[in-house]
Every structure is written in C-alpha cells, then in structure tokens.
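Below is one structure, written out as structure tokens; comments come after it.
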2 protein chains.
Amino acid sequence: MMDINTKVSCKECNHGWENFKNLTEEELNYANKNRFQADFKPGEIILKQGTPSSNAVFLISGMAKIYIEGYDNKRMMVGIAKPRRLIAGPGTYVDERHHYSVAALTDVSACFIKMDVLKELVHRNSKFAEGWLRDISEKALGTFYKFLSHTQKKMHGRLAETLIYLADEIHNSDDYTMLLSRQELGELSGMAKESVVRILKVFSEDKIIEDKCPHIKILKREKLQMISKNG
Amino acid sequence: MMDINTKVSCKECNHGWENFKNLTEEELNYANKNRFQADFKPGEIILKQGTPSSNAVFLISGMAKIYIEGYDNKRMMVGIAKPRRLIAGPGTYVDERHHYSVAALTDVSACFIKMDVLKELVHRNSKFAEGWLRDISEKALGTFYKFLSHTQKKMHGRLAETLIYLADEIHNSDDYTMLLSRQELGELSGMAKESVVRILKVFSEDKIIEDKCPHIKILKREKLQMISKNG
DNA sequence: TTCACGTATTGATATAAGTCAATAAAGAAA
DNA sequence: TTTCTTTATTGACTTATATCAATACGTGAA
C-alpha cells in the first residue's frame, strides 16, 4: 500500500500547496527533507478519523473523498480532495487528531509532511502563517455555506448544487464521468441513495442533465442553478 | 446606539481574547490605540452580514446571537457569542466581508479593533498568528460537529443538544433563564418554532426538564445526554 | 459462458417534520 | 386599568424524505 519513493522535491513540484510559495528556498528544503510519498488504490484509506494528525497530506495526483463517520454508521461526505490543497483538518491546532477520514476514489499519489515541521514554519515565517489562516478560513466558509444549504434547501436543490460543484470544482467541465456511486452522492448531498436515483431520473426526464450511467452531462445549467438556488 | 467611551485599556481588561496574552506590552498598546467601544441594547445589530469586516469585535459584557440570513428569509443561528471570544468570522482572510450577522440578546458592551491592526500583529508575532490559527480551528471544528448533528440527528436529539449547549457553554449551570425565544431556539436547533414547543413539552412531561417559561432546569442530565446522542 | 456480488432502480409504505390557522398568554404602552 | 402587540401553544393537515423489499443490471472471477 505505501511505497516510499521520493521522486521529486517540493521545489520542483507543480502540484504543491499554494502557500508553499511563501517559503524561502531553505524553508522549502526543510519541508522537503521531512516529506515522504505513498500511493493508494481506489478505496484505500489515506487518513482515518480519530488517529493522530501527525502529518499533513497533499495529493500529487488523483482524487479522494473526505468524510466523517457519524452516528449510527452513517457517513457525511464533506467534499472531494484534489491536488494543490492541504488536507489536514481543523484538529491540527486543537487536539492533534483527525476529525475525518480520507479515502482514495482513484489511483492516488500523496505526500506526507510532518505536522511539527509545518508548525515550525508557522513560527519562522509569518507569510506562511497568514497563508494557512487564509486556507483554513476558505474551508471554514465553504463548510458554513454547505451547512446552510443542507439545513435550508430541499433535496432537489442540494443534489443540483452537488452536480454543479462536481462540474465546477472537480472536473472543470459540464460533461464528466461520475466518480461517486449513488450511495456516495447521497452522502455528499445529505440524502438516501434511493432519493439520489429518483431525483436524477427527474432531472434526466426534464432534459436538465443527460445521465448515461457513469457519465453526466449538464444540459441546462441555468435551470440547474435555479433549482440549486430555490430548491 | 454607539457610544465612544474608552474606559479601560486592553492591558487591564479581564474580558479580552486569550490570544492577546501572546502579545508584548508594546503590541498590546498598539492594539489598544486602535480600539473603540460601543454599547448595544437587546435586539440591536452589532455586525451585519455582507458588510466589510473592517473590525474584529469582542464582547466585554453581555450575550449576542450569531446567525446567518439564509434562503427564503430563514435564519440559521450559528451560536451565541460571549465575552473572551473573537468575533470576526472566516471572511476576514477571504473576502473581507462578514458572512454572518451578530445581534445583542442582552445589554452588550463591545470593543472594536481594526482588522488591519490584527493582521499587522499576525505579521509581527508568530505566537499570535498561531493563537489565531487555533481559534479558527476550534470554531471550524465546532461548526463541523454541529453540521453533523443537524444532518444526522432527529429533532429531539438536536434540541436536547441545544439545551445542554446552553447549560454548559453559556450559563455554566443546569438551571438557567432562557435567553432565546422559541423561534430563536428553533433557528439554533434547525427546526420550526412549533416543533420546539412540542418537544419541550414532551421533555417536561417526562420530567427530564422543568420549563417555567423563561426558566429552564435540567432535571435528568443523563437522559438528556442520551437523547442528544441517540436522537 | 455462467455465477456471484455489489450497485442501481423501482414501488409501496412509514415517519418525521413543516405549515397553517386558531387561540391563549404575556408584556409593553397608553 | 385597558388596549395593543408579540410570543407561545395546540391541533389538524400536508409534504418531504427515509426505509424496506423486490428486482434488474453490470462486471469480474471461474
């Protein structure tokens, strides 16, 4: 499962965290020295909720799902991780535990950097600290609005929102191969898998999307956005 | 509404943000120089969603509700603000806008400190930056678990949770005067006001709480916790 | 190919929770 | 005090959504 092969250094890496740009060459080398790399197959768990958050994770390639294991064995998917984003979770500065799990959706190559090292860099470099503050803030804001949407929108609106999220944030296209099962789409949109199936059927019948099972194509984006907004 | 009376300095203040302890005397003076104070009556708005987040707010005394104005004029209450906590919101480092409103629940005395000043202090003092990271992280984690609870628990569980939250985090007692109307309790617990009334009645009938209208007394804490957990 | 297993789909049904409308109670103002 | 206004309560009803059960589909292993 884990394959320690340090091919590239952080300096040459194009998939790194934006905030690494705030580091000096020496600081970046320091991070790089404390980095190791591992590959995962679809379904494999990269981070497990409850374990010590001793490392930050960055995906070099592939996608992974971020989810909380909640009450009664129900899962809540928080979002989808992709390269160039820190995966650390808000536990880092609170109790040094992961508060969610991360599992590969595709083949994934990931870098692990010791959390102590990143925390040390926060001390040394205030630009880096500020960058991290910005990063956490963006994510917190995202969670906030997702919370609002789950609390106040009905199922149709939430699923429309999810389809748009996948198009805009994950695939950068209105025409994509669905990474997620109906079950997982439900976990991401806060509904039962059967509800996902039923609503997708309605969207298809109304020619708002085309759904050739693993392929999704958004046909009427405005209409989908309207459903997302008012639903 | 606003009364510019700078009575005490940050240095002598006992109600300040924990993170101010990380500042040197000189830095604290710098913050203090850029501070102003204002008083609010119950119902008055301290911060309005959508406005520029040019100032951080700290309550010196009193309580306020933090809420998002969502879709369809529905409100979602995020929590209750009390002294010793930063009220700034995750917008600070993203788009410099407030993403929620804050309104006084009681008489409130509040300090405003220019956000630019706090950001400047982040640059100067990495301990302070780290303290802020910790602060944001704690809040994000809180939001996370509230999100989970709203998504996965049923109404009884959510209301039980809210009653315990008010006892533990706000009043430090199982016997307290309810700050919130039924409507507001609903906004905080994610349900209609009528549902709040009905469930409170059930809790009363089951002798889990005593509800002499503005006064709430938790009689069977274990039972309430069980409902909160399994509900 | 056939089998086995997970996933998707569909329909029937149960349950949770919101909405509406009427009334009661509690405060605030005159 | 009386009146006015807001908030709380209650019951009847509607709607959203989950659950359960049966069946179909799809894919990899043998």
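Sequence lines set the chain letters: A, B, ... in the order given, protein chains first and strands last, and positions in each chain run from 1.
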Rounded to whole angstrom units, what separation is found between the [atom1] atom of [X] and the [atom2] atom of [N]?
X        : N      : atom1 : atom2 : result
A:Ile199 : C:dA8  : CD1   : P     : 15 Å
B:Met155 : D:dA18 : CE    : P     : 15 Å
A:Gln152 : C:dG18 : CD    : C1'   : 13 Å
B:Asn73  : C:dT19 : CG    : P     : 13 Å
B:Met76  : C:dG18 : CE    : C1'   : 18 Å
A:Asp72  : C:dA16 : CG    : P     : 13 Å
A:Leu200 : C:dT7  : CG    : C1'   : 14 Å
A:His156 : D:dT15 : NE2   : C1'   : 12 Å

Electrostatic pair A:Lys153:B:Asp72 at N-O distance under 4.0 angstrom: no
Residues B:Arg182, B:Asp211: salt bridge by 4.0 Å N-O rule: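 Judged by the 4.0 Å cut-off on N to carboxylate O distance, B:Arg182 and B:Asp211 do form a salt bridge.
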Selection from C:dT10, D:dT10, C:dT19 that lies nearest to any side-chain heavy atom of B:Val197: D:dT10
CD (A:Glu210) with more than 12 external heavy atoms under 6.0 Å: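 For A:Glu210, atom CD is crowded (more than 12 foreign heavy atoms under 6.0 Å).
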Test log, rule side-chain contact (heavy atoms from CB on, under 4.5 Å), inputs A:Met191 and A:Val196: CA-CA 7 Å; A:Met191 65 188 72; A:Val196 173; 3.8 Å; yes
Short side-chain N/O contact from B:Lys154 to OP1 or OP2 of C:dA17, under 4.0 Å: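 B:Lys154 to C:dA17 OP1/OP2: no side-chain N or O under 4.0 Å.
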Interatomic distance, B:Leu200 atom CG to B:Leu163 atom CG [nearest 0.5 angstrom]: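 It comes to 6.0 Å.
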Quiz item: cation-pi between A:Arg75 and A:Tyr67, 6.0 Å / 45°: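 Verdict for A:Tyr67: a cation-pi partner in A:Arg75.
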Parallel, tilted or perpendicular: rings of B:Trp132 and B:Trp17 (30°, 60°): perpendicular
Member of A:Phe147, A:Tyr145, A:Tyr100 meeting the ring-ring contact (aromatic ring centres under 6.0 Å, His included) criterion with B:Phe147: A:Phe147
Atom pairs, N/O to N/O, protein against nucleotides 12-14 of chain C, distance under 3.5 Å?
none

Those residues of residues 175-196 of chain A lying under 4.0 Å from DNA chain D by at least one heavy atom: A:Gly190, A:Met191, A:Ala192, A:Glu194, A:Ser195
Under 3.5 Å: donor-acceptor pair, side chain of B:Lys74, backbone of A:Thr151: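 No, B:Lys74 side chain to A:Thr151 backbone: no donor-acceptor pair under 3.5 Å.
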